[in-house]
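First the proteins, then the strands, lettered A, B, ... as listed; each starts at 1. What you see below is based on every heavy atom in this structure, not just the backbone, and it leaves out hydrogens, waters and symmetry mates. The shown structure was predicted, so the numbers you read here are calculated from the model rather than taken from an experiment.
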Number of protein chains: 2
Amino acid sequence: MRAVTDRLTHLRSDARDNRERILEAARAVFAADGLDAPMRKIARTAAVGPATLYRHFPTKQELVTEAFSERMRACYVVVDEGLADPDPWRGFSTVIERLCELQSRDRGFTAAFMSSYPGAMDFAADRGHALGSFAALARRAKEAGRLRADFTLDDLILVLMANGGIQAPSPAARVAASRRFAALAVQAFRASPDAAPLPPAARLAFVAA
Amino acid sequence: MRAVTDRLTHLRSDARDNRERILEAARAVFAADGLDAPMRKIARTAAVGPATLYRHFPTKQELVTEAFSERMRACYVVVDEGLADPDPWRGFSTVIERLCELQSRDRGFTAAFMSSYPGAMDFAADRGHALGSFAALARRAKEAGRLRADFTLDDLILVLMANGGIQAPSPAARVAASRRFAALAVQAFRASPDAAPLPPAARLAFVAA
DNA sequence: AGTCAAACGGACGGTGGCGTCCGTTAGCGT
DNA sequence: ACGCTAACGGACGCCACCGTCCGTTTGACT
């Protein structure tokens, strides 16, 4: 870690500048067009030559990882805040709603969070931690009798993947649709005396792009 | 319609043959790779030159429309069968489950059913009819007090789009995940004394690809 | 101010999908 | 059996994206 920091600090001023502009452009373009946006477009948006882009981020994975690390952290914050809620069910619902909202605002984020990109190893640790926290939250919500007992972590992945499939003519409409979807998901997860049993969960994590 | 039939019957035998093989190939490729599979691949699968493919189906829309019209009909059958069920709630649930299953087995089908392709006008009529039937079914399920009153047709679209976002390492896993998802959706739509109100529905229909 | 290497970006060759042209093949009707 | 034309498909030019090379610029250090 020390070495990396050194390397970044030792960058020439224009290089550090460009690097920052590239990351900003990547976030904007990925949010608008999804993860498969052409590298060129990001370079153009950053007002930078293709070579410069590739020099800073030799592979698209590295760019994605770097560009989304901030939002990824926001994601973990959401989970931790949910965990901190004294009412575990309210915490649980809020996490689902906020994660869906984060995703719906940013087309690329979904895929990134899924760590669809193999080799986005940098995320793995934090992701594992967030999933752990969420598992604890779910357990408490179950113990409080508010979350259905057959809820699985894979159901969270399922909902987030499904949420990622939602399209709409405008970003605003997509956010609205996603909001309703999240509310429906919460309804589905609610413990209820007359709830029907669910078919078995499928192992989902770590799908390749 | 008469003219079209004539034109098709008047096709030379090899042409009719190729046309059939192209449609078969298109179904296979679309199912495996989704709607954005390259035309070339379909031509190769059908053991046909590109020109032949384009002669039969000048635009991808036409090919999609033609290739999926059969499954599309299967889709309407599902809705009609649901409508025929004396128990409207069971009918409703079954329709959701079966539609999700149809979709999960065929990557291209989702997009096709959404009529994401503008200009797939041929579907419009049938689609309208199916949506009408489903609306009637939903109304009856509401009147029976089993379906939540704030359910909208757009919620069906929402669920189907979301279902389309589900990915998994293997087709089998995707079907399993989709099955569980459908069950969750049904739970969410169930009328319940302690159900929370939902955020407003968003107009979704006819999203461009 | 002068030097030097770090950083830049225009330009290139390669790949893959697209839709069309046109010389060739082979069904069909006489 | 024969000719006519519908139908075929290889080959072409086009365009977008990819990743890299290399001549030029410019920040940093003395």
Side-chain angles (χ1 to χ4, degrees), chain A residues 3-26 28-30 32-67 107-108 111 117 119 209, chain B residues 3-26 28-30 32-67 107-108 111 117-119 208-209:
Chain A
V4 173
T5 307
D6 278 7
R7 173 139 349 184
L8 289 187
T9 340
H10 290 163
L11 275 181
R12 231 170 60 179
S13 61
D14 55 344
R16 198 148 11 90
D17 221 53
N18 278 336
R19 186 188 163 85
E20 210 38 63
R21 296 225 314 290
I22 289 174
L23 284 174
E24 200 171 336
V29 172
F30 283 147
D33 297 3
L35 273 201
D36 47 5
M39 291 291 255
R40 269 356 208 243
K41 181 163 182 181
I42 295 170
R44 249 174 294 134
T45 306
V48 148
T52 301
L53 173 53
Y54 281 106
R55 191 169 325 105
H56 282 286
F57 307 97
T59 110
K60 193 180 247 189
Q61 279 90 328
E62 294 183 44
L63 177 57
V64 169
T65 308
E66 205 63 43
R107 290 180 55 76
Y117 268 95
Chain B
V4 173
T5 307
D6 278 5
R7 171 137 353 180
L8 290 186
T9 341
H10 288 163
L11 275 181
R12 232 170 60 180
S13 61
D14 55 344
R16 201 149 6 91
D17 222 53
N18 278 336
R19 187 188 162 85
E20 211 40 63
R21 295 225 313 292
I22 289 175
L23 284 174
E24 200 171 334
V29 171
F30 283 147
D33 298 3
L35 273 200
D36 47 6
M39 291 291 256
R40 266 5 206 238
K41 182 163 182 179
I42 296 170
R44 249 174 294 136
T45 305
V48 147
T52 301
L53 172 54
Y54 281 107
R55 190 169 324 104
H56 283 286
F57 306 98
T59 107
K60 193 180 248 189
Q61 279 92 328
E62 291 182 45
L63 178 56
V64 168
T65 309
E66 207 62 43
R107 290 179 55 77
Y117 268 95

For residues A/F57 and A/L23, determine if any side-chain heavy atom of one lies less than 4.5 Å from a side-chain heavy atom of the other.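 Yes; the side chains approach each other to less than 4.5 Å.
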For C/dA7, take OP1 and OP2 only and decide whether either is under 4.0 Å from a side-chain N or O of A/T52.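 Result: no.
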Check this one for me: any side-chain N or O of B/N18 less than 4.0 Å away from OP1 or OP2 of D/dC8?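 Checking D/dC8 against B/N18, a side-chain N or O does come within under 4.0 Å of OP1 or OP2.
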Please tabulate, one pair per line, each protein N/O and nucleotide N/O from nucleotides 4-6 of chain D that are separated by under 3.5 Å, including the distance.
{"unit_1": "D/dA6", "atom_1": "N3", "unit_2": "B/R12", "atom_2": "NH1", "d": "2.4"}

Can you list everything that forms a side-chain contact (heavy atoms from CB on, under 4.5 Å) with A/D33? Sequence neighbours excluded, please.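 Counting only residues at least two positions away or on another chain, A/D33 forms a side-chain contact (heavy atoms from CB on, under 4.5 Å) with A/V29, A/A37, A/K41.
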Write down the distance between [atom1] ([X]) and [atom2] ([N]), rounded to a whole number of angstrom.
X	N	atom1	atom2	result
B/L63	C/dC18	CG	P	11 Å
B/K41	C/dC18	NZ	P	12 Å
A/R19	C/dA6	CZ	C1'	16 Å
A/Y54	C/dC12	OH	P	18 Å
A/L53	D/dT20	CG	P	12 Å
B/R21	D/dA7	CZ	C1'	13 Å
A/D17	C/dA6	CG	C1'	15 Å
B/M39	C/dG19	CE	P	6 Å

Nearest 0.5 Å, please: how far is [atom2] in [Y] from [atom1] in [X]?
X	Y	atom1	atom2	answer
B/M39	B/T59	CE	OG1	7.0 Å
B/Y54	B/K60	OH	NZ	8.0 Å
B/T45	B/R21	OG1	CZ	11.0 Å
B/E66	B/H56	CD	NE2	11.5 Å

With sugar-phosphate meaning primed atoms plus P, OP1 and OP2, does A/A51 contact a base, only sugar-phosphate, or nothing at under 4.0 Å between heavy atoms?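 Base contact.
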N/O donor-acceptor pair, side chain B/R40 with base C/dG19, under 3.5 angstrom: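 A donor-acceptor contact between them is present.
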When you match B/A37 and A/R55 each to their closest nucleotide on DNA chain C, which lands nearer the 5' end?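 Upstream on the strand: A/R55.
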Residue met sooner reading DNA chain D from 5', once B/D14 and A/R44 are mapped to nucleotides: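 The 5'-side residue here is B/D14.
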Minimal non-hydrogen separation, B/I22 against B/I42, with atom names: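 That would be O-CG2, 4.1 Å.
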